[in-house]
Student: 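Here it is: the structure, laid out below.
Counting convention: from 1, in listed order, for ligands and their atoms alike.
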Amino acid sequence: MAATSEAILQVCGAGASISHMGLCPKKSNFLISTNHGLGYRSKKGSDCIQIKSSRHKCYSMISAFNVHDRFRSLSCKCSQINSVTDVVSEKRDPLLKGDLSTNGNGAFSSTLQVGGINSIEDEAWELLRASMVYYCGHPVGTIAANDPSDSSILNYDQVFIRDFIPSGIAFLLKGEYDIVRNFILHTLQLQSWEKTMDCHSPGQGLMPASFKVRTVPLDGDDSATEDILDPDFGEAAIGRVAPVDSGLWWIILLRAYGKCSGDLSVQERVDVQTGIKMILKLCLADGFDMFPTLLVTDGSCMIDRRMGIHGHPLEIQALFYSALLSAREMLTREDASADLMTALNNRLVALSFHVREYYWIDMRKLNEIYRYKTEEYSYDAVNKFNIYPDQIPPWLVEWMTNKGGYMIGNLQPAHMDFRFFSLGNLWSIVSSLATNDQSHAILDLYEAKWADLVGDMPLKICYPALEGQEWRIITGSDPKNTPWSYHNGGSWPTLLWQLTVASIKMNRPEIAENAVKVAERRISKDKWPEYYDTKKARFIGKQARLFQTWSIAGYVVAKQLLANPDAAKILVNVEDSELVNAFSCMISANPRRKRSRKGINQSFII
Ligand code: GLC
């Protein structure tokens, strides 16, 4: 054991010293569990070992389990899979005579006997449980897809942070809190990982896109194994995309955990508070930006491939806003946090003003843009971003309804991305980034454009698809993102849960109920695909995984919330009256309404 404990203190520290880069061609750190607790270990066979730099301080500070748990994790090393199988088997519904077996990835695969299943919801629960991933005998997440027929796994055998959110919510609403608690604490440990990509280290607050549990032979002892958590921060992801949304979702889930379980001890822990602050610092760091929106690269969220959403995509802004509000609720008041709180409050006001004012379009606003004057210099410009009216796409002129409206996908100098993105719009409702009227108008649009946005399977990820030359240039001729497929106008059942939270918040649950009914017509028969193709979502996606966990969990959460709408509160951010005041001061000072810089009587410094 001495050798192992020594290894814990050593890490392939490419980020610490550039002179070591040559020794470290492949970044491969692991988090391991031993009787000394949780720590880092360099990958077996790697010749790049270096004492941890001071950047790993949180190593000693962050510890997810107490001493008792640590010893348990040691003693369960080889027998854990059996014992967990036993536990799961015991808990299973006797009507379900499926066979549970490990699939080699720490997850369980399930062979279901359909005859014994009562309903789609029961089946979904069975599949959701079968997707659980264990680390040292503790459930820590759910595998992205559990498709036995698929030979090319890629990284679908990993626990994705964003994919786990609906799973986590489903478990919370079922009163099964452990898996969510473990997920929160383990991913927190991964946050402070030494991460590099070609000699560059991203910010320390970055959360991984995904992680994998590997069970490997214990060094120097062939008869024993150890579990290893192996994260991917984007350095191995297709396109090397940074998962900006992971940390934001982590904060949102942390708040939901506290609200649902009543256990505030997790969010109050010093390491968790540090984790929240690290994420916030990364998001609130000064840069070259003129806008309060978060500037990100393409593919930094659910759409994790090139789709022309670099810049200030709506999805990230809505999650950012929600995470800021959630963090504000959870941060403990202490002197050290005062500056952070001020920065956070200022950003909240500026962000909500910016998105509500400049991302919003409806008939009236579209007509205003249609008549925009351009090349306006000065503080009094109406067309601040110099949008040329010719940018209004012909499809939108036809598509825009008299009643309803939505937030556009992105806003940059001289560029409005007029595509409709579901997640960004729905989370704008949930987080109260959209005003009450705007929120209703977005739902009005869903109703008016049901065939386009719901069709045969909820929900369109974005509308419309990029086609022809636009597809070639914007996606880089991506064969996975062909028109009306995958991220490019495909339909994703997982989005059902976000639609449900949004429609419950606005007291219009019937919208989600109808969408759930549409999904129920085929989602189980189709084996819970990841996404659907074609304009009306009639085909299972060309390269869609089957038994995709977040399709399953998204459906489960929608059903749980419709049965108990009050529970949606754990996800909703209620509009803050101070923000409303500050916002109305800004509105009255806006040149579109009043061409003057005077009169800003704000309570926050913008
Ligand atoms: C795809 C999706 C991404 C998801 C991952 C795992 O890459 O675009 O959002 O997290 O699959 O399901």
Side-chain angles (χ1 to χ4, degrees), residues 105 107 127-128 131-133 141-147 150 152-169 183 187 206-212 231-250 252-253 296-310 313-316 318-319 421-424 426-427 459-462 465 475 478-482 484-498 527-533 540-555:
N105 294 313
L127 290 167
L128 186 57
S131 74
M132 283 161 77
V133 171
T142 49
I143 197 172
N146 215 348
D147 184 349
D150 204 326
S152 115
I153 299 170
L154 293 174
N155 51 357
Y156 283 86
D157 61 346
Q158 307 204 1
V159 179
F160 277 74
I161 308 305
R162 71 176 73 86
D163 293 40
F164 180 73
I165 306 304
S167 299
I169 303 294
F183 171 88
T187 46
L206 188 67
M207 283 284 187
S210 60
F211 66 85
K212 190 176 162 76
D232 176 13
F233 290 89
E235 76 274 23
I238 295 164
R240 306 298 182 259
V241 284
V244 178
D245 62 340
S246 289
L248 307 174
W249 277 123
W250 183 86
I252 293 166
L253 184 67
V296 298
T297 58
D298 218 344
S300 56
C301 51
M302 177 185 182
I303 295 178
D304 56 2
R305 294 164 84 92
R306 186 171 153 196
M307 263 292 287
I309 60 163
H310 52 277
L314 178 67
E315 175 177 332
I316 289 290
L319 293 176
F421 288 86
S422 277
L423 181 44
L426 293 173
W427 213 260
L459 218 53
K460 270 274 166 274
I461 193 166
C462 70
T475 71
D478 185 346
K480 199 162 176 184
N481 272 332
T482 50
W484 306 108
S485 180
Y486 201 46
H487 301 141
N488 188 13
S491 296
W492 292 64
T494 186
L495 294 167
L496 253 185
W497 79 270
Q498 284 110 342
K527 303 190 176 134
W528 307 90
E530 178 186 16
Y531 65 95
Y532 285 77
D533 282 358
I540 297 172
K542 212 183 295 167
Q543 294 187 43
R545 293 292 179 293
L546 302 180
F547 301 106
Q548 180 82 17
T549 304
W550 69 351
S551 299
I552 297 162
Y555 168 79

Student: Looking only at protein heavy atoms, which one is nearest to atom 12 (O) of ligand 1, and what is the separation?
Tutor: Asp163 OD2, 2.5 Å
Student: Output yes when the distance from some N or O of ligand 1 to some N or O of Met302 is under 3.5 Å, and no in every other case.
Tutor: yes
Student: As an exercise, identify every atom of ligand 1 less than 4.0 angstrom from a heavy atom of Gln548.
Tutor: 12 (O)
Student: Is any side-chain heavy atom of Pro493 closer than 4.5 Å to a side-chain heavy atom of Leu496?
Tutor: no
Student: Under 3.5 Å between some N or O of ligand 1 and some N or O of Arg162?
Tutor: yes
Student: Heavy-atom pairs closer than 4.0 Å: do any link ligand 1 to the side chain of Tyr531, the backbone, both, or neither?
Tutor: neither
Student: Please determine which of Arg545, Gln548, Glu530 meets the side-chain hydrogen bond (donor to acceptor under 3.5 Å, both in side chains) test together with Tyr156.
Tutor: Glu530
Student: Measuring from atom CD1 of Ile169 to atom CG of Leu253, what distance do you get when rounded to the nearest 0.5 angstrom?
Tutor: 5.5 Å
Student: Look at the side chain of Asp232 and the backbone N and O of Ala209, then say whether any donor-acceptor pair between them is shorter than 3.5 Å.
Tutor: no
Student: Angle between ring planes, Trp497 versus Trp249, binned at 30° and 60°: parallel, tilted or perpendicular?
Tutor: tilted
Student: Is there a polar contact, in the sense of an N or O pair closer than 3.5 Å, between Trp492 and ligand 1?
Tutor: no
Student: May I ask you to decide if the ring planes of Phe211 and Phe183 are parallel, tilted or perpendicular, using 30° and 60° as cut-offs?
Tutor: tilted
Student: How close does the nearest protein non-hydrogen atom get to atom 5 (C) of ligand 1, and which residue and atom is it?
Tutor: Phe160 CE2, 3.9 Å
Student: Hey, is Arg545 one of the residues with a heavy atom under 4.0 angstrom from ligand 1?
Tutor: no
Student: Can you find a non-hydrogen atom of Arg305 under 4.0 Å from ligand 1?
Tutor: no
Student: Ring centroids only, cut at 6.0 angstrom: are Tyr531 and Trp492 within range, meaning strictly under it?
Tutor: yes
Student: Which atoms from ligand 1 have a heavy atom of Tyr486 less than 4.0 Å away?
Tutor: 1 (C), 2 (C), 7 (O), 8 (O)
Student: Got the closest protein heavy atom to atom 11 (O) of ligand 1, with its distance?
Tutor: Tyr156 OH, 3.5 Å
Student: Atom 8 (O) of ligand 1: which protein heavy atom is closest, and how many Å away?
Tutor: His487 NE2, 2.7 Å
Student: Please round to the nearest 0.5 Å and tell me the distance separating atom OG of Ser551 and atom CG of Leu495.
Tutor: 9.0 Å
Student: What protein heavy atom sits nearest atom 7 (O) of ligand 1, and how far away is it?
Tutor: Asp304 OD2, 2.7 Å
Student: Does ligand 1 have any atom that is closer than 4.0 Å to a heavy atom of Glu530?
Tutor: yes
Student: Answer yes or no: are there more than 12 heavy-atom neighbours, outside Lys527 itself, under 6.0 Å from its atom NZ?
Tutor: no
